[in-house]
Amino acid sequence: MAIVNWRSLHSNTYDGTRALVTGGAGFIGSHLAEALVDLGASVVVLDDLSGGDEQNLAAFRERAGDRLRFVKGSITDRTTLDELMPGCRYVFHQAAWGSVPRSVEMPLHYHEINTTGTINVLEAARAAGVERVIFAASSSAYGDTPTLPKVETMPVRPRSPYAATKVAGEALMRAYANCYDLDTCSLRYFNIFGPRQNANSAYAAVIAAFAKSLLADESPVIFGDGEQSRDFTFVDNAVHANLLAAACPRRIGGEVMNIACGRRVTINELAEKMAKILGRPDLKAKHRDPRTGDVAHSLADLAKARELIGYEPIVDFERGLEVTCGWYKEVLSD
């Protein structure tokens with residue numbers, strides 16, 4: 001349910017290509033799979049449904065026809081990866097366990113899925129002769145350094161097991177690009193939001209969690225004073241970046257680049273905006289103690305993504321938030 005016309009942006013670049021999207025039944029992965037289908041690609045979606053939902057594919061399964069294949073399976077299963085990889089030109093590696101708080105509780109599990117799973121994907125891609133792997137990295141790599149905006153040349157300072165696994169994934173991408181005939185890149189996402197983001201989890205992302213509370217006539221909960229800020233990025237921007245990176249005509253060589261909007265919004269501002277959009281400005285946020293591993297501020301410098309792949313955000317924060325709130329209103333009010 002993109003709000004942009006992918007053909008107008010990417011023309012016939014993907015017609016007839018084959019791609020694997022790991023985590024393709026998840027939030028970002030399903031939007032990416034949908035865009036690829038609409039651009040004429042054949043898409044294999046691999047997802048173990050631990051965080052994704054096959055229903056996320058329902059919106060475009062009919063128009064995809066036999067160009068969409070869903071396989072329930074895990075990136076920890078090398079045999080499955082070896083079966084799906086042959087013939088794929090691109091691999092969009094979105095599969096991972098998310099949530100900083102949950103990673104603090106389950107560090108070994110996060111390592112197994114996010115780190116070991118990533119090297120499995122790379123090994124299978126290398127063996128199958130894949131052209132490029134695009135990795136879903138995370139702005140959590142920057143940690144809590146006060147320097148803004150975040151620039152890719154800054155040292156990584158992960159503050160949670162989740163962030164550490166994402167940094168490990170970046171390192172693996174760079175190493176494989178250096179050692180093998182496989183091009184890679186890492187896209188550091190900054191707080192991606194949009195339709196299909198799960199609101200029914202104890203670890204739901206902030207926009208999803210706020211929507212669920214407000215639509216249940218409850219005050220949203222903010223951890224900390226609410227003056228922490230985020231570079232909230234509508235999901236179509238992340239999809240656009242993936243498509244640009246895959247089709248880049250020159251070798252990227254494992255480079256890391258920020259994907260965001262280049263603008264900060266405080267959590268207090270977010271709560272107020274969402275309450276207004278959803279018709280409940282009377283519901284003021286409640287504050288709780290800060291959470292372990294959370295960072296205070298994030299803001300992306302986009303210069304490197306502009307230079308390497310020609311990335312510019314295509315949907316601004318306000319437009320994305322309106323669309324997202326409208327979607328939650330529809331699905332959570334049923």
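Since the structure is predicted, the reported quantities are computational estimates derived from the model, not experimental observations.
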Item checked: side chain to side chain donor-acceptor pair (under 3.5 Å) partners of Arg157, counting only residues at least two apart -> none
Notebook entry, point to check: Of all residues at least two apart in sequence or in a different chain, which pass the salt bridge (Lys or Arg N to Asp or Glu O under 4.0 Å) check with Asp282?
Noted result: Arg280
Checklist line | Cationic N near anionic O, under 4.0 Å, Arg78 to Glu83 | finding: no
Note to self: Quick check with a 6.0 Å cut-off and a 45 degree axis cone: is Arg126 positioned over the face of Tyr180's six-membered ring?
What the structure shows: yes
Checklist line | Pairing residues for Ser140 by the side chain to side chain donor-acceptor pair (under 3.5 Å) criterion, not counting sequence neighbours | finding: Ser138
Item checked: Partner residues of Arg230 under the side chain to side chain donor-acceptor pair (under 3.5 Å) criterion, sequence neighbours left out -> none
Margin query: Using modelled atom types and a 3.5 Å cut-off, is there a donor and acceptor pairing between side-chain atoms of Ser219 and backbone atoms of Ala285?
Written below: no
Note to self: Pair Met257, Arg188 - check side chain to side chain contact (heavy atoms under 4.5 Å, CB included), show working.
What the structure shows: CA-CA 6 Å; Met257 60 196 95; Arg188 275 186 188 161; over 6 Å; no
Next item on the list: Quick one: list whatever passes side chain to side chain contact (heavy atoms under 4.5 Å, CB included) with Asp316, sequence neighbours left out.
Entry: Glu318, Arg319
Check: Do the side chains of Ile3 and Trp327 join up, straight or via other hydrophobic residues, at under 4.5 Å, putting them in one cluster?
Finding: yes
Checklist line | Test item: Asp231 side-chain N/O and Cys261 main-chain N/O as donor-acceptor pair under 3.5 Å | finding: yes
Check: Looking at Trp97, does the NZ or CZ of Arg102 lie under 6.0 angstrom from its six-membered ring centre and within 45 degrees of the ring axis?
Finding: yes
Item checked: Chi angles and distances behind the side chain to side chain contact (heavy atoms under 4.5 Å, CB included) call for Tyr328, Leu215 -> CA-CA 8 Å; Tyr328 281 121; Leu215 289 167; 4.0 Å; yes
Check: Side chain of Asn258, backbone of Leu187: donor and acceptor closer than 3.5 Å?
Finding: no
Check: Hey, does the side chain of Ser213 reach the backbone of Phe210 with a donor-acceptor pair shorter than 3.5 angstrom?
Finding: no
Note to self: Could you work out, with salt bridge (Lys or Arg N to Asp or Glu O under 4.0 Å) as the rule, every residue matching Arg67, not counting sequence neighbours?
What the structure shows: none
